[in-house]
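This report concerns only the one structure given below.
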Amino acid sequence: MNQFYKLALVVIALIASTRAQAQQQIGTSFTLEQCIEYALTNSVNAQNAIIDQEIASAKVKETTGLGLPQIDAGVSLVHNAKLQRFFTTYNPSSGANFLGDLSTVPGIQAGDVVAAQNFFQLKNSGSASISINQLLFSGSYLVGLKASKAYKALSFKAADVTREQIVQQVTKAYYLILINRERTALFVNSIARLDSLLRNTTALNKNGFVENIDVDRIKVAYNNLKSENEKFENLNELGIQLLKFQMNYPTDQPLELIGSIQDVRVEINDVAYTEGWDYKTRADYKVLEANRRLQELSIRNQYAGALPLVAAFGNLGYNTQSADFGGLFTTNSKIEDQGAIGPDKWYDFSQYGLSLSMPIFNGLQRQYKIQQEKLTLKKIDNGFRTLKQAIDLETKQAAIGFENAIISLTAQKENMELASNVARVTKIKYEQGVGSNLEVVDAENSLRQAQTNYYSALFDAMIAKVDLDKAYGKLIPLTSKN
């Protein structure tokens with residue numbers, strides 16, 4: 001018993017250690033690539049995509065199994081509480097038959113139907129058999145094999161669409177946190193500058209160099225800035241929760257990000273996007289291609305239904321009959337003569353052969369089914385034209401959106417540099433007594449607004465770059481084959 005308790009303690013310790021290691025691993029810092037990798041492994045949509053792939057793989061094996069030998073076995077024990085009657089007609093010219101001399105039956109006449117006990121069947125019977133069927137040729141089966149593989153390919157292409165969406169969502173959420181981190185640093189620097197200005201102005205006020213209103217004006221700006229900072233920190237926490245949601249990351253675990261906004265490059269090479277570009281680089285276009293392939297196979301399957309079906313079969317088994325139910329479970333035979341039926345004995349039987357079936361006329365149903373499938377294929381072809389137009393529009397919008405974002409980013413960067421220089425000069429003038437603190441407060445507000453506009457423009461450019469990559473199918477490498 002003591003050994004059992006020691007073993008239980010060891011198991012508990014191992015479980016606790018494993019959980020601690022898992023929590024420590026979850027709490028590690030993440031780069032953008034690690035966030036994406038985590039999301040592609042743990043998000044519900046990614047897991048469902050993997051399940052769909054496994055279902056498709058199982059479907060291929062299921063279809064393949066139809067061409068393998070089909071083996072069935074069965075055993076039956078039957079007790080007839082009351083046997084069915086045997087029916088025949090009375091014919092006096094035939095004389096006595098297996099029913100005996102029927103002429104002694106009162107009122108019987110030639111042609112009368114006689115219902116007698118079945119002398120060829122006992123009340124209890126048993127059988128045990130095994131049957132084997134092997135499909136030799138079936139057009140529908142051959143097409144079905146191709147269709148199942150095409151369905152598997154479709155599941156992988158659909159998974160690419162899901163992966164692309166996950167990468168897009170996680171990347172945007174990650175960039176939002178990086179931008180908020182920079183803006184938090186701006187708040188800290190701005191608060192520090194106003195705090196320094198407030199202390200200097202307070203000291204000047206005590207020495208009679210500035211009025212109380214100058215101190216109050218700076219203090220109002222200082223209080224407003226601290227309030228905005230607190231609200232922004234709450235928004236930052238919301239951004240982290242958004243990233244955790246996109247990654248399916250535990251909400252009660254810490255999440256730290258590695259990297260900075262300086263590591264993100266928003267410059268692009270237009271030639272790399274347009275040269276040699278094809279619609280097939282898009283995951284959604286590949287999905288439509290896979291659907292078209294499946295529809296073509298569906299049409300072929302309808303044609304294949306008119307071909308003959310050839311199969312081989314074999315049946316092996318044993319059967320017996322007995323006057324009493326217990327006799328089915330014994331093997332003692334009282335008659336062993338060749339060809340005689342011995343009671344209480346199981347006798348074997350076997351058969352094998354080939355079967356051929358061919359549809360001849362089905363009321364033109366197949367022709368109309370083929371017509372319906374062909375019309376569905378036309379709808380898919382129309383979908384290609386619509387998708388191409390949508391892709392053309394999306395790439396154009398993404399390119400223009402990115403170009404406008406870069407223009408805005410360039411302008412806001414220059415404005416931020418100008419505002420920073422104005423704030424610096426205004427502060428120097430105020431410290432030298434040739435400027436007012438009102439100018440300093442206005443310059444600080446302008447600088448903070450310029451910095452906010454710059455990082456907003458930078459975030460817009462980063463998001464526009466993600467949308468541009470998605471539009472041209474460059475967000476992720478596709479795992480599906482053509």
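- Taking CD from Gln53 and CG from Leu154, the interatomic distance works out to 10.5 Å, rounded to the nearest 0.5 Å.
- The CD1 atom of Ile370 lies 13.0 Å from the CG atom of Leu377; values are rounded to the nearest 0.5 Å.
- In this structure, Lys465 pairs ionically with Asp469, as a charged nitrogen and a carboxylate oxygen lie closer than 4.0 Å.
- Between atom CG of residue Asn415 and atom OH of residue Tyr454 there is a gap of 12.0 Å, rounded to the nearest 0.5 Å.
- Sorted by first then second residue, the salt bridge (Lys or Arg N to Asp or Glu O under 4.0 Å) pairs that include residues 133-155, not counting sequence neighbours, number zero.
- Note that the NZ atom of Lys231 and the CG atom of Asn234 stand 10.0 Å from one another [nearest 0.5 Å].
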Hey, mind stepping through Asn133 and Ser355 against side chain to side chain contact (heavy atoms under 4.5 Å, CB included) and telling me if it holds? CA-CA 10 Å; Asn133 291 275; Ser355 65; over 6 Å; no
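- The closest side-chain heavy-atom distance from Leu136 to Leu354 is below 4.5 Å.
- Listed by chain and number, the residues in a salt bridge (charged side-chain N to carboxylate O under 4.0 Å, His left out) with Lys59 are Glu62 (sequence neighbours excluded).
- Applying the side-chain hydrogen bond (donor to acceptor under 3.5 Å, both in side chains) test to every pair with at least one member in residues 393-409, sequence neighbours left out, gives these pairs: Arg282-Glu394, Glu394-Lys470.
- The stretch residues 70-82 participates, sequence neighbours left out, in these side-chain hydrogen bond (donor to acceptor under 3.5 Å, both in side chains) pairs: Ser76-Ser127, His79-Asn124.
- Here the straight-line distance linking atom CD of Gln302 with atom CD of Gln372 works out to 8.5 Å at 0.5 Å rounding.
- Side chain of Lys244 to backbone of Thr251: a donor-acceptor contact under 3.5 angstrom is found.
- The two residues Arg366 and Gly305 come nearest to each other via the heavy atoms NH2-O, 3.2 Å.
- Residues satisfying the ring pair (Phe, Tyr, Trp, His ring centres under 6.0 Å) test with Phe384, not counting sequence neighbours, are Tyr285.
- Minimum interatomic distance between Leu297 and Ala150 (heavy atoms only, all atoms of both residues): CD1-CB, 3.9 Å.
- No donor-acceptor pair closer than 3.5 Å links the side chain of Gln321 to the backbone N or O of Ser125.
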Go through Val60 and Thr63 one step at a time and tell me if the side chain to side chain contact (heavy atoms under 4.5 Å, CB included) criterion holds. CA-CA 5 Å; Val60 173; Thr63 305; 6.0 Å; no
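- A search for side chain to side chain donor-acceptor pair (under 3.5 Å) contacts involving Asn453 returns Gln449, not counting sequence neighbours.
- Between Leu309 and Ser138 the shortest heavy-atom distance is CD1-OG, 4.0 Å.
- Contact check for Gln246 versus Leu242: side-chain heavy atoms found under the 4.5 Å cut-off.
- Here Gln262 pairs with Ser260 under the side chain to side chain donor-acceptor pair (under 3.5 Å) rule; sequence neighbours left out.
- A pairwise comparison of heavy atoms in Ile391 and Asp284 identifies CD1-OD1, 4.5 Å as the closest pair.
- Asp467 is linked by a salt bridge (charged side-chain N to carboxylate O under 4.0 Å, His left out) to Lys172, counting only residues two or more places apart in sequence or in another chain.
- A pairwise comparison of heavy atoms in Ser129 and Phe349 identifies CB-CZ, 4.1 Å as the closest pair.
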Evaluate the side chain to side chain donor-acceptor pair (under 3.5 Å) criterion for residues Asn180 and Asn236: first the C-alpha distance (whole Å), next the side-chain angles of each, then the deciding distance (0.1 Å), finally the verdict. CA-CA 6 Å; Asn180 289 342; Asn236 288 345; 3.3 Å; yes
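- Of the possible donor and acceptor atoms, none in the side chain of Thr171 sits under 3.5 Å from a partner among the backbone N and O of Gln168.
- Residues satisfying the salt bridge (charged side-chain N to carboxylate O under 4.0 Å, His left out) criterion with Arg292, sequence neighbours excluded, are Glu296, Asp381.
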Using side chain to side chain contact (heavy atoms under 4.5 Å, CB included), reason through Tyr472 and Thr281 one step at a time and then give a plain yes or no. CA-CA 7 Å; Tyr472 280 93; Thr281 59; 5.9 Å; no
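- Salt bridge Asp160/Arg163: present, at least one basic N to carboxylate O contact under 4.0 Å.
- Without hydrogens or angle criteria, Tyr38 side chain to Ser43 main chain gives no donor-acceptor distance under 3.5 Å.
- Residue Glu37 qualifies as open at atom CD: its count of foreign heavy atoms under 6.0 Å is 12 or below.
- Checked by atom type and distance alone, the side chain of Arg183 never pairs as donor or acceptor with a backbone atom of Phe232 at under 3.5 Å.
- For the pair Leu83/Lys123, a side-chain contact is recorded, criterion being any heavy-atom separation below 4.5 Å from C-beta on.
- Annotation: side chain of Ile406 is in contact with side chain of Val266 (closest heavy-atom distance under 4.5 Å).
- Side-chain atoms of Phe137 and Leu142, non-hydrogen and from C-beta on, do get closer than 4.5 Å to each other.
- Among residues two or more places apart in sequence or in another chain, the salt bridge (charged side-chain N to carboxylate O under 4.0 Å, His left out) test is passed with Asp52 by none.
- For the pair Leu145 and Thr64, the minimum side-chain heavy-atom distance is below 4.5 Å.
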Working note: Asn362 + Gln367, criterion side chain to side chain contact (heavy atoms under 4.5 Å, CB included); need CA distance, chi angles, decisive distance, verdict. CA-CA 9 Å; Asn362 63 353; Gln367 285 77 355; 4.2 Å; yes
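- In this structure, the side chain to side chain donor-acceptor pair (under 3.5 Å) partners of Glu373, at least two apart in sequence or on a different chain, are Gln295, Ser298.
- Put simply, the side chain of Gln253 never gets that close to the backbone of Pro250: no donor and acceptor are under 3.5 Å apart.
- Inter-residue side-chain proximity for Phe30 and Leu243 is flagged as unmet; no heavy-atom pair is nearer than 4.5 Å.
- Glu237 is linked by a side chain to side chain donor-acceptor pair (under 3.5 Å) to Gln241, counting only residues two or more places apart in sequence or in another chain.
- When side chains are defined from C-beta on, Ile261 does not count as touching Arg181, because their heavy atoms never get closer than 4.5 Å.
- Residue-environment remark: OH (Tyr318) stays at or below the threshold of 12 foreign heavy atoms within 6.0 Å.
- Here the closest heavy-atom approach between residue Leu364 and residue Tyr368 is recorded as O-CD1, 3.0 Å.
- For Tyr455, the OH atom counts as densely surrounded, since its 6.0 Å shell holds more than 12 non-hydrogen atoms of other residues, nucleotides or ligands.
- Taking CG from Leu409 and CZ from Phe402, the interatomic distance works out to 9.0 Å, rounded to the nearest 0.5 Å.
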